[in-house]
Amino acid sequence: MRASRMNLATLREDPADAEIASHRLLMRGGFLHKSGAGLYLYGPLLQRVIDKISRIVVDEISRAGGLQITMPIMQEQALWEKSGRWATYQASRTMLTVRDRAGQTFGLAPTAEEVVTDYASHVITSHKQLPVCFFQQHTKFRDEIRPRFGLMRVKEFIMMDAYSFHASSESLDATYAQMRTAYQRTFKRMGLEAFAVEADSGAIGGSGSHEFMVAAAVGEDTILFNPQSGYAANVERAIGRVAAVGKVSMPATCTAVATPGHGHISEVVAFLNANGYVGITAAHCLKCVLFVAKSATAETTVAAFVRGDREINEVKLTNAITRLLGDAGPVLNLRPMQPDEVRAATGAEPGFAGAGEGLRVKFAIADKLTLAEAGPLVGGANKTDHHLVGFDLARDALPGLQWDELVTIRAGDGDPRSEGVLEEKRGIEVGHIFKLGTKYSEAMKAEFLGPDQKRHPFVMGCYGIGTSRVAAAAVEQHFDADGITWPVTIAPYEVVIVPAGKPGDVAVESAAEALYSELQQAGIDVVIDDRDAKPGVKFKDWDLIGIPFRIVCGRGVAEGKVECKPRGGENADVAMADAGATAIAWVRAQIAQRRAAADAC
RNA sequence: CGGACCGUAGCUCAGCCUGGAUUAGAGCGCUUCCUUGGGGUGGAAGAGGUCGCAAGUUCGAAUCUUGUCGGUCCGACCA
C-alpha cells in the first residue's frame with residue numbers, strides 16, 4: 001500500500017473526550033471516527049486490525065471444532081419470549097428494538113442463544129450428531145446506559161459468539177475445556193496477556209462460567225487472585241475467607257442506646273466509644289442495607305446484613321434473592337431503597353435499620369462469612385436515634401432470618417483454596433464462556449432423540465469474544481509515549497518503508513521501491529510512505545500508528561545501506577541487498593513465535 | 001434514572017461573567033507557493049463558522065432568560 005493513497009489523518013492533540021490510552025491513540029492515529037454516542041466508524045487501519053483479529057479467532061475456534069455460520073441481527077420477539085428472556089431484557093432495558101411496517105417488534109441481537117437453539121432444534125435430531133458447535137462473527141447491540149472509553153463500551157460492536165450442543169454434561173465439560181484452550185491460544189496469537197477468572201453468569205444464565213481478562217489499569221472489572229494457588233475470580237463472584245475480629249465486652253442482653261443524630265456506622269462507633277463502650281469498631285457493627293428487588297412478577301423488599309466494616313456484593317445478593325424467590329424469580333433489577341421506603345420498612349429515619357423488632361421486609365438475609373461466627377454486635381434499633389448494643393443475631397434477630405454469602409471479597413482476604421491471601425487487580429473482559437446446561441433447550445423445547453429412544457433437551461454451552469473490544473484491549477497492553485506498538489499478528493501493516501531522501505533522489509526512491517516489491521512478493525503487509533513530507537513527520541506518524549517494523553532508506557543508500565528498526569527496538573544498518581530478507585525473517589519469526597506459544601497451551 | 005458540566009472552523013480551545021469596536025478569534029490540520037529535507041521545519045498567501053436549535057428580553061444577543069436537542073463526567077444501574 002502507498003501511504004499517499006491511504007487517507008492518513010493523524011492528530012497532534014488528544015480528542016477532548018478520550019480518557020484512556022486506547023481511545024486516545026486510536027483516535028489520534030485515525031483508526032476511529034466517532035459517529036454518535038457509543039457508535040464508531042472503523043477507519044481503514046482499524047478495519048485491517050479487526051480483520052486480523054477475526055481471522056485468528058475464526059481459525060482457533062474452527063480448530064476447536066466450531067462451524068462458522070451467520071445469524072440474523074433482527075430477532076423476532078416471539079423467539080425471545082420462548083426462552084423467557086424478552087422480559088428480562090426489557091426489564092433491564094439492555095436490548096434495542098425495532099418495528100417493521102406490520103408493527104411486529106424485533107430485538108437487535110445482544111446475543112443469539114434463542115436463534116441458535118431454534119436452529120439446532122431444526123437441524124439436529126439425533127444424538128449421533130452431537131456434540132456440535134456453531135459460531136459466528138457478527139454485529140451485536142447493547143443499549144448501554146453509559147457508553148464510554150472509545151471502543152471499550154459501545155452500543156454496537158463485533159463479537160464472536162459460539163454455541164455448543166451436547167447429549168450430556170460430560171460432553172459439555174469436554175468442549176468447555178477445549179474452548180478454554182482455544183481462547184488461550186487465540187489471545188496468545190494476538191500477543192495479549194489474558195487469563196481466565198471465575199465469573200458470575202449474569203443474564204445469560206447457566207451453571208458455571210469463566211471470563212477472560214486482559215490485565216489493564218483502566219479495566220472496568222476487579223479481579224481477586226492468588227498467584228500461588230491459581231485462584232482467580234471476578235469480584236462479583238469471588239469467594240474467600242474473611243478474618244474474624246476480636247470480641248469486645250458488651251451488655252449481656254440487648255440494650256437500646258440513644259445515639260442522637262448518629263446514623264452512619266463511623267459516627268455510631270465514635271459516639272459509643274466516647275460514651276462508655278470503649279473498643280467498639282465498625283467490625284463490631286451490623287450493617288443493614290435495604291433494597292427493592294424486582295422480578296418479572298414481583299417486587300420484593302429485602303434487608304441485607306453484613307459486618308459493619310464490609311460491603312454488600314449486589315451480584316451475590318441478587319443471586320441469593322433469586323434463590324429465595326424460587327418460581328417468582330429471577331431478580332431482574334435490584335436497587336437501594338429511597339429514604340421514604342426506608343422509613344416505611346423500619347419506622348425510622350435512614351441509618352437506624354437493624355435486624356430486630358420493627359423491621360418490615362419480605363426477606364432478611366445475613367452474610368454467612370462475616371456474621372455467622374460474630375459475637376454481640378451493635379445494630380440499628382429500627383427507631384430513630386437509637387441503636388442496640390449487645391445484639392446477638394441468633395438470639396435477637398426476627399425469626400425468618402436467612403443466611404447466604406453476601407460480602408464483597410477484597411484484597412487481603414483469605415484465598416478459598418489455600419492458606420494464602422488474595423490480591424486485587426483490574427481487568428478488561430475480552431471473552432466469556434458459560435455452561436448453560438438445559439436452560440434454553442428446555443424453555444424452547446429443543447430436543448434430540450437419544451439412544452434410549454427418548455427425547456432429551458440439548459445440554460448447551462456458549463462462548464463469546466468481543467472482537468472489537470480486543471482491539472482496544474490490545475492497545476491498552478501495547479503502547480508507549482510515541483503511540484501504539486501493535487503485536488505483528490494484529491498490526492494493520494507489518495512493515496513500513498520510509499524513503500527519507502530529498503525529493504527527486506532517485507537512488508533513495510528506487511531502493512525503497514525495490515524493497516517494497518520484494519516484501520509484497522513475499523506476502524508481507526507492507527506500506528511505503530511515498531508522501532511528500534519530511535522524514536520527521538513520517539517517523540512520528542508510523543510510531544503513532546504502530547507499525548511493528550520500519551525500514552528507512554535515506555542517507556545510507558549512497559553506501560548501499562538502509563536502516564531496519566523494530567518498533568520500540570534498536571536501529572540497525574543493513575546492506576540494501578539484505579534488508580528485505582531481514583524484514584521478512586523478522587516478521588515470520590514473530591508470527592511463528594506467537595503460534596508456538598499458542599500451540600503450547 | 002439522579003447530580004454536575006459542555007455545545008463557537010475538521011481537531012484542541014479562547015471570547016460569554018460585566019450585551020455594542022471582532023468585520024467572530026487563536027493554535028493544529030487543510031489548499032497554493034517559496035524554503036527545508038533524519039524526529040510534527042521556517043515563511044507568505046488562502047479556504048473554512050447562519051457561535052447546536054427554537055422562542056423570548058433588548059435599539060442591539062455567541063454573550064442574558066426559557067425551552068428543546070445533542071454530548072461529557074460522577075453516581076445509580078447494567079453482559
Side-chain angles (χ1 to χ4, degrees), chain A residues 7-19 23-24 27-28 30 32-39 85 88-95 109-113 140-150 152-155 157 159 161 199-206 209 211 220-221 234 236-237 291-294 314-315 318 331-339 428-434 462-466 469 481-483 498-505 508 529 531-544 550 552-557 562-563 565 571:
Chain A
N7 196 31
L8 292 177
T10 55
L11 300 175
R12 272 192 184 183
E13 287 165 294
D14 291 335
D17 57 354
E19 295 185 276
H23 189 193
R24 209 162 43 77
M27 291 295 293
R28 278 191 54 206
L32 267 186
H33 170 76
K34 183 172 176 177
S35 176
L39 300 169
R85 282 208 306 172
T88 314
Y89 273 73
Q90 290 304 115
S92 66
R93 303 203 299 171
T94 307
M95 187 154 60
T111 165
E113 281 81 0
K140 299 288 181 300
F141 294 85
R142 305 268 166 104
D143 192 359
E144 289 289 345
I145 297 169
R146 196 143 97 81
R148 60 186 134 178
F149 298 149
M152 209 63 85
R153 185 166 287 274
V154 288
K155 284 185 175 155
F157 56 98
M159 184 168 106
D161 46 327
D200 186 75
S201 40
I204 307 285
S209 77
E211 289 166 341
E220 296 187 276
D221 290 278
N234 191 310
E236 294 175 345
R237 162 85 184 183
F291 291 92
V292 177
K294 273 189 199 162
E314 292 190 15
V315 173
T318 300
V331 173
L332 304 176
N333 182 285
L334 181 74
R335 63 171 175 84
M337 283 189 185
Q338 303 292 320
I428 298 164
E429 182 188 344
V430 288
H432 204 155
I433 58 180
F434 300 84
C462 81
Y463 319 87
I465 291 178
R469 184 185 277 183
D482 295 319
V498 179
K502 293 190 180 189
D505 185 331
V508 162
D529 194 347
R531 293 176 299 170
D532 178 19
K534 272 195 65 169
V537 173
K538 297 181 180 180
F539 295 156
K540 286 283 185 194
D541 274 349
W542 297 114
D543 283 351
L544 175 62
R550 187 180 79 192
V552 178
C553 302
R555 54 195 167 204
V557 168
V562 298
E563 296 148 54
K565 181 176 176 297
N571 222 354

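The chains referred to below are lettered A, B, ... by the order of the sequence lines, with proteins before strands, and numbering in each begins at 1. All values below were derived from every heavy atom in this structure, side-chain atoms included, with hydrogens, water molecules and symmetry-related copies excluded.
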When we call it a touch if two heavy atoms are under 4.0 Å apart, what does [X] touch: a base, just sugar-phosphate, or nothing?
| X | answer |
| --- | --- |
| A:Glu144 | base |
| A:Asp541 | base |
| A:Lys534 | base |
| A:Asp505 | nothing |
| A:Pro336 | sugar-phosphate |
| A:Glu429 | nothing |
| A:Val498 | nothing |
| A:Ala16 | sugar-phosphate |
| A:Asp161 | nothing |
| A:Arg550 | base |
| A:Ala533 | base |

Check if the side chain of A:Arg335 and the base of B:rA76 share a donor-acceptor pair of N or O atoms closer than 3.5 Å.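 Per atom types, no contact qualifies.
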
Considering only [options], which nucleotide approaches the side chain of [X] most closely?
| X | options | value |
| --- | --- | --- |
| A:Lys540 | B:rG39, B:rA79, B:rC73 | B:rG39 |
| A:Asp17 | B:rU72, B:rG27, B:rC74 | B:rU72 |
| A:Ala37 | B:rC77, B:rG71, B:rG39 | B:rG71 |
| A:Asn571 | B:rC77, B:rA79, B:rG38 | B:rG38 |
| A:Glu13 | B:rA79, B:rG27, B:rG37 | B:rG27 |
| A:Asp543 | B:rG37, B:rG39, B:rC78 | B:rG39 |
| A:Pro15 | B:rC78, B:rU12, B:rC77 | B:rU12 |

Expressed as a whole number of angstroms, how long is the span from [X]:[atom1] to [N]:[atom2]?
| X | N | atom1 | atom2 | value |
| --- | --- | --- | --- | --- |
| A:Arg531 | B:rG39 | CZ | P | 16 Å |
| A:Leu334 | B:rC78 | CG | P | 7 Å |
| A:Arg28 | B:rC11 | CZ | P | 16 Å |
| A:Arg148 | B:rC73 | CZ | C1' | 10 Å |
| A:Arg24 | B:rC11 | CZ | C1' | 16 Å |
| A:His23 | B:rG71 | NE2 | P | 14 Å |
| A:Asp532 | B:rU31 | CG | P | 11 Å |
| A:Lys294 | B:rA76 | NZ | P | 18 Å |

Write down the distance separating the [atom1] atoms in [N] and [M], rounded off to the nearest Å.
| N | M | atom1 | result |
| --- | --- | --- | --- |
| B:rU63 | B:rG19 | P | 12 Å |
| B:rG46 | B:rG70 | P | 41 Å |
| B:rG2 | B:rC13 | C1' | 30 Å |
| B:rG67 | B:rG48 | P | 37 Å |
| B:rA24 | B:rG49 | C1' | 8 Å |
| B:rG7 | B:rA62 | P | 15 Å |
| B:rC64 | B:rU18 | P | 8 Å |
| B:rU65 | B:rU22 | P | 23 Å |

Are OP1 or OP2 of B:rU72 and a side-chain N or O of A:Lys34 less than 4.0 angstrom apart? yes

Should the pair A:Arg469 and A:Phe157 be classed as cation-pi, given the thresholds of under 6.0 Å to the six-membered ring centre and 45° from the axis? no

Could you let me know what [N] is paired to, Watson-Crick or G-U wobble, both distances under 3.5 Å, or none if it's on its own?
| N | answer |
| --- | --- |
| B:rU65 | B:rA55 |
| B:rG27 | B:rC11 |
| B:rG75 | B:rC1 |
| B:rA47 | none |

Test salt bridge (charged side-chain N to carboxylate O under 4.0 Å, His left out) on A:Glu113 and A:Arg85 and set out the steps. CA-CA 10 Å; A:Glu113 281 81 0; A:Arg85 282 208 306 172; 2.9 Å; yes

Less than 4.0 angstrom from a charged side-chain N to a carboxylate O is my criterion; do A:Arg148 and A:Glu220 meet it? yes

Please determine if A:Lys155 and A:Glu144 form a salt bridge, counting it only when a charged side-chain N lies under 4.0 Å from a carboxylate O.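 No, this pair does not count.
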
For A:Cys553, run the side-chain contact (heavy atoms from CB on, under 4.5 Å) check against A:Val498, A:Asp505, A:Val562 and tell me which one passes.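 In the set A:Val498, A:Asp505, A:Val562, the residue that makes a side-chain contact (heavy atoms from CB on, under 4.5 Å) with A:Cys553 is A:Val562.
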
Taking all atoms of both residues into account, what is the closest heavy-atom pair of A:Gly38 and A:Pro147, and its distance?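 The pair with the smallest heavy-atom distance is CA-CB, 3.5 Å.
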
Smallest separation among heavy atoms of A:Ser209 and A:Phe434, with atom names: CB-CD2, 3.7 Å

Got a donor-acceptor contact below 3.5 angstrom from the A:Lys538 side chain to the A:Pro499 backbone?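 Looks like yes, one N/O pair under 3.5 Å.
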
A side-chain contact here means heavy atoms from C-beta on lying under 4.5 Å apart; do A:His23 and A:Asp14 qualify?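 No, side chains not in contact.
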
Along RNA chain B (nearest heavy atom to each residue), the more 5'-positioned of A:Arg469 and A:Leu544: A:Leu544

